[in-house]
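What follows is one structure encoded as structure tokens, with my remarks underneath.
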2 protein chains.
Amino acid sequence: MTHLPPMPVDYLDRILVGDCIDSMNSLPEGCVDMVFADPPYNLQLGGDLLRPDNSKVDAVDDDWDKFADFARYDSFTRAWLAAARRVLKPEGTLWVIGSYHNIFRIGTALQDQGYWILNDIVWRKSNPMPNFKGKRFTNAHETLIWAARDRRAKRYTFNYESMKELNEGVQMRSDWLLPLCTGGERLKGEDGKKAHPTQKPESLLFRCLMAASNPGDTILDPFFGTGTTGAVARRLGRHYVGLERDPTYAAIARKRIAEISPLADEDVTPKPSKRSEPRVPFGVLIEAGLLQPGAVLIDPSGRHRARVRADGTLSASNSLGEHRGSIHQVGAAVQGAPACNGWTFWHFEAKGGRLPIDHLRQQVRAGL
Amino acid sequence: MTHLPPMPVDYLDRILVGDCIDSMNSLPEGCVDMVFADPPYNLQLGGDLLRPDNSKVDAVDDDWDKFADFARYDSFTRAWLAAARRVLKPEGTLWVIGSYHNIFRIGTALQDQGYWILNDIVWRKSNPMPNFKGKRFTNAHETLIWAARDRRAKRYTFNYESMKELNEGVQMRSDWLLPLCTGGERLKGEDGKKAHPTQKPESLLFRCLMAASNPGDTILDPFFGTGTTGAVARRLGRHYVGLERDPTYAAIARKRIAEISPLADEDVTPKPSKRSEPRVPFGVLIEAGLLQPGAVLIDPSGRHRARVRADGTLSASNSLGEHRGSIHQVGAAVQGAPACNGWTFWHFEAKGGRLPIDHLRQQVRAGL
DNA sequence: CGCACAATTGAATCCCCAA
DNA sequence: TTTGGGGATTCAATTGTGC
């Protein structure tokens with residue numbers, strides 16, 4: 001990887017007031033680990049909407065959400081996406097949130113610019129606003145796109161184990177059930193009214209940042225608003241760079257973030273993935289005396305057997321032929337399968353019963 | 001509305017083998033009530049079109065190549081969407097299903113052609129395939145777009161009450177939890193292998209057809225495959241027109257659909273909405289002797305009173321002034337509200353207590 | 001202070017016929 | 001095409017009020 005300059009210190013953990021495209025273009029190339037963007041949705045609302053009790057829905061009618069047509073919205077979208085891509089590190093990722101009004105246009109623009117979509121994520125709202133007139137399904141979700149800067153960027157950050165822990169031990173899915181930002185979390189003005197019409201819940205940002213960044217990383221948010229991204233970044237020990245056009249929002253965000261206490265390092269460091277644990281060649285188990293050459297390994301079903309050789313390979317034979325090679329190769333060969341994880345496939349006889357050889361690998365890692 | 005020719009009888013409940021765009025163009029304009037489309041996610045029509053993750057397009061780092069691939073998918077998408085729009089009735093709706101690989105391009109194309117998105121729907125899979133490599137979130141959903149032919153088409157079919165019933169009495173949301181098509185429902189070939197790689201569950205089509213069509217309607221599916229749309233349409237008393245380029249799939253679909261028994265009419269007719277009930281002028285209650293001129297009506301809170309006049313109007317006075325007019329107008333006026341449903345607002349004194357005048361309207365409708 | 005009930009609110013492309 | 005008017009339409013969660 002070529003050396004890239006870091007984020008200049010005078011941008012770090014700051015909010016820049018101004019046009020986000022200009023601001024991004026003033027940053028050096030490749031200085032950001034992750035982008036989180038909550039752009040205008042281009043809602044195209046018509047007249048007022050009344051609830052059955054005749055109260056008026058407080059709609060998002062701000063000027064910043066108004067675009068003359070799809071062409072204008074698209075050119076705006078493509079401009080900020082391109083600027084964001086320039087400041088992203090090669091292995092950085094981008095999150096964008098939107099609704100059906102705009103998300104298809106954003107996804108198309110992303111793909112056209114070379115971003116590589118990793119997932120689309122559905123934020124299922126536990127308490128959405130109903131459809132008052134009974135003319136459609138309750139619009140109960142929004143969509144996030146998570147994309148790598150580049151198709152070839154394979155080493156993006158994804159804290160798989162942390163997500164699994166958050167999801168009670170099973171893989172985190174692409175549909176997340178989270179409540180709206182209401183109650184005490186919702187920022188209010190002096191008049192008691194909401195400070196920003198579209199403030200996102202911190203739980204949503206928490207999950208995005210935990211999944212796709214590490215402590216010390218720099219997160220850029222080009223549509224900072226009242227600073228949810230900055231608040232969560234600070235709490236989780238990440239740096240942020242906030243871009244916001246409206247100085248009123250920026251001031252609210254500054255005050256909000258200043259009141260956040262970062263969590264302790266050890267609490268925000270992602271659970272290490274198995275992949276990052278030190279590699280242990282199978283032969284080391286033999287060298288360490290945990291397995292003897294000539295020992296017989298067996299698969300969980302008891303259908304397949306293989307013999308341990310001193311060089312750290314296995315040999316086996318069955319109706320498919322004679323097999324010799326690594327624990328993975330022989331595991332695959334005896335099953336006629338394209339691939340096999342030998343560490344969990346092959347078992348040895350222990351006192352307490354049959355155990356996977358991965359058990360022995362863990363002993364090596366523990367230094368036994 | 002201009003008169004439109006119906007679907008020709010020789011197309012009805014048939015499968016046309018051939019290119020779906022050609023087939024649609026051979027149909028008259030505006031002859032279809034609903035389209036359900038499950039287009040190729042990866043584009044390999046006749047091996048002529050791209051697949052975004054095709055290994056042959058190795059290391060696509062050339063912007064022009066990327067554009068060329070997506071451009072071909074887009075032109076295919078725009079061609080079939082335009083053909084579908086032509087055969088849709090003005091008040092017809094279209095469903096498309098896709099994944100993050102293609103749905104953004106489809107949504108953009110839809111909007112560009114003038115379709116008006118009504119909802120995006122998330123099919124949450126209760127049993128998705130896990131992410132084996134642990135590099136992404138489990139891809140646990142697919143996305144459907146439901147769109148009207150036109151922004152101005154307000155009278156599209158949406159069986160709100162039926163959906164509400166299906167969802168235990170609360171509005172159906174935009175996220176649907178349904179299992180994959182497996183087990184006995186999954187069509188298998190002689191070799192025991194699945195007959196079609198992307199067969200959709202009938203439950204998914206059931207919900208789309210129940211929501212957005214009526215018995216007797218004609219449903220067009222331009223990517224018919226093994227005929228899930230046809231099977232559900234036949235069971236629910238809808239007509240289908242299936243377009244499929246592969247004669248093998250078409251044959252499987254024909255056999256499958258022939259074995260379906262349509263349900264009884266009364267079982268597939270949507271629950272009627274109140275809007276569809278006959279209108280009863282308030283004055284009819286007076287003519288029928290259910291209310292006497294001079295009777296006093298009262299609102300549920302007891303704050304407002306009005307007097308019934310012989311011509312079917314009400315009169316009332318309060319701090320806001322003197323009010324005279326329809327039950328709705330006077331109800332709104334006494335409250336200072338923008339609107340009011342007089343039938344549920346105004347009550348009369350009955351033996352068992354206070355009852356809404358809607359109770360009397362129901363007696364009229366029942367012919368008492 | 002607790003409990004019951006009422007009021008408020010959230011990124012919303014939200015009615016429909018007849019004159 | 002526009003206007004007027006009948007009358008149909010809401011879920012979950014939090015906050016405020018009254019007893």
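Quick note on labels: first sequence line is chain A, next is B, and so on, each numbered from 1.
The cationic atom of Arg105(A) (NZ for Lys, CZ for Arg) lies less than 6.0 Å from the six-membered ring centre of Phe70(A) and within 45° of the ring axis. A cation-pi arrangement, defined by a distance under 6.0 Å to the six-membered ring centre and an angle within 45 degrees of its axis, is present between Lys125(A) and Trp123(A). Taking the ring centre of Tyr156(B) as origin, the terminal cationic atom of Lys89(B) falls outside the region bounded by 6.0 Å and 45° from the ring axis. Under the 6.0 Å distance and 45° angle rule, Arg124(A) does not count as a cation-pi partner of Trp176(A).
The side chain of Tyr160(B) places an N or O atom within less than 4.0 Å of a non-bridging phosphate oxygen (OP1 or OP2) of dT10(D). In this structure, Lys135(A) does not reach the dT13(C) phosphate: none of its side-chain N or O atoms is under 4.0 Å from OP1 or OP2. The side chain of His328(B) contributes no N or O atom lying less than 4.0 Å from OP1 or OP2 of dG5(D). For the pair Lys164(B) and dT10(D), the criterion of a side-chain N or O lying under 4.0 Å from OP1 or OP2 is met. Within the structure, every side-chain polar atom (N or O) of Thr182(A) is placed at least 4.0 Å from both OP1 and OP2 of dA13(D). At the phosphate of dG10(C), OP1 or OP2 sits under 4.0 Å from a side-chain N or O atom of Lys194(A). Residue Arg173(B) places no side-chain N or O under 4.0 Å from the OP1 or OP2 atom of dA12(D).
Summarising the geometry, the separation between NZ on Lys188(A) and C1' on dT9(C) is reported as 10 Å, rounded to the nearest angstrom. In this entry the distance linking CG of Asn341(B) with C1' of dC15(C) reads 13 Å, nearest Å. Across the protein-nucleic acid pair, Leu45(A) atom CG and dC14(C) atom C1' stand 10 Å apart, rounded to whole Å. Here dA11(C) presents its P atom at 5 Å from CZ of Arg186(A), a figure rounded to the nearest Å. What separates CH2 of Trp123(A) from C1' of dA11(C) is a distance of 9 Å, to the nearest Å. Between the NZ atom of Lys154(B) and the C1' atom of dT13(C) there is a distance of 8 Å, given to the nearest Å. If you take CZ of Arg124(A) and C1' of dG10(C), they are 18 Å apart, rounded to a whole angstrom. Rounded to an integer number of Å, the gap from Phe345(B) CZ to dT9(D) C1' is 17 Å.
A perpendicular orientation is assigned to the rings of Trp95(B) and Phe137(A), their planes being inclined by more than 60° (bins at 30° and 60°). Using cut-offs of 30° and 60° on the angle between ring planes, the pair Trp146(B) and Phe158(B) is tilted. Ring-plane geometry between Phe345(B) and His304(B) is classed as tilted, the angle between the planes lying from 30 to 60 degrees on a 0 to 90 degree scale.
Contacts of Cys340(B) with the nucleic acid, taken as non-hydrogen atoms under 4.0 Å apart, include base atoms. Counting any heavy atom pair closer than 4.0 Å across all strands shown, Gly225(A) reaches no nucleic acid atom. The residue Leu118(B) sits apart from the nucleic acid: no heavy atom pair falls under 4.0 Å. Note on Trp64(A): a base of the nucleic acid sits closer than 4.0 angstrom, heavy atoms only. At a threshold of 4.0 angstrom between heavy atoms, the contacts of Asn139(A) are confined to the sugar-phosphate backbone, with no base atom among them. The residue Arg279(B) sits close only to the backbone: its heavy atoms come under 4.0 Å of sugar-phosphate atoms, none of a base. Within the nucleic acid shown, Ser326(B) comes within 4.0 Å of sugar-phosphate atoms alone, with no base atom in reach, counting heavy atoms only. Nucleic acid contact for Gly342(B): none, since no nucleic acid atom lies under 4.0 Å from a heavy atom of the residue. Counting any heavy atom pair closer than 4.0 Å across all strands shown, Glu185(A) reaches no nucleic acid atom. Heavy atoms of Asp358(B) sit nowhere under 4.0 angstrom from any nucleic acid atom. Within the nucleic acid shown, Val170(B) comes within 4.0 Å of sugar-phosphate atoms alone, with no base atom in reach, counting heavy atoms only.
With hydrogens and angles left out, the side chain of Arg136(A) and the base of dT13(C) share a donor-acceptor pair within 3.5 Å. The base of dG10(C) sits within donor-acceptor range of the side chain of Arg51(A), with an N or O pair under 3.5 Å.
Checked against dC11(D), dG7(D), dG6(D), the side chain of Gln329(B) finds its nearest nucleotide in dG6(D). When distances run from any side-chain atom of Asp38(A) to the nucleotides dA11(C), dT13(C), dC14(C), the shortest one goes to dA11(C).
Each of Gly183(A) and Pro281(B) was assigned the nucleotide of DNA chain D with the nearest heavy atom; the assignment lying further toward the 5' end belongs to Pro281(B). Comparing Thr198(A) and Lys133(A) against DNA chain C, the residue whose closest nucleotide sits nearer the 5' end is Thr198(A). In terms of position on DNA chain D, the residue among Ser126(A) and Val280(B) whose nearest nucleotide sits closer to the 5' end is Val280(B). Remark on DNA chain C: of its neighbouring residues Arg275(B) and Asn127(A), the 5'-side contact belongs to Asn127(A), judged by nearest-heavy-atom nucleotide.
In this structure, dT13(C) shows a glycosidic angle within 90 degrees of zero, which is the syn conformation.
A donor-acceptor pair shorter than 3.5 Å cannot be found between the side chains of Glu142(A) and Tyr100(A).
Close placement of the Phe76(A) and Phe67(A) rings is indicated, their centers lying within 6.0 Å of each other.
For dG7(D), there is no paired base (Watson-Crick or G-U wobble, both distances below 3.5 Å). Nucleotide dA12(C) has no partner under the Watson-Crick or G-U criteria, as no pair reaches both atom distances under 3.5 Å.
When the P atom is compared between dG5(D) and dA12(C), the two are found 31 Å apart, to the nearest whole Å. With C1' as the reference atom, dA11(C) and dT15(D) are 22 Å apart, rounded to whole Å.
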Under 3.5 Å, which protein N or O atoms sit close to an N or O of nucleotides 17-19 of chain C? Give each pair with its distance.
| from | atom 1 | to | atom 2 | distance (Å) |
| --- | --- | --- | --- | --- |
| dC17(C) | OP1 | Arg155(B) | NE | 3.3 |
| dC17(C) | OP1 | Arg155(B) | NH2 | 3.3 |

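A donor-acceptor pair under 3.5 Å is absent between the side-chain atoms of Asp62(A) and the main chain of Trp64(A), judged by distance alone. With Arg256(A) contributing its side chain and Thr226(A) its backbone, the two residues share a donor-acceptor pair below 3.5 Å.
dT13(C) has its base stacked against the ring of Trp116(B), the centroids being under 5.5 angstrom apart at an interplanar angle below 30°.
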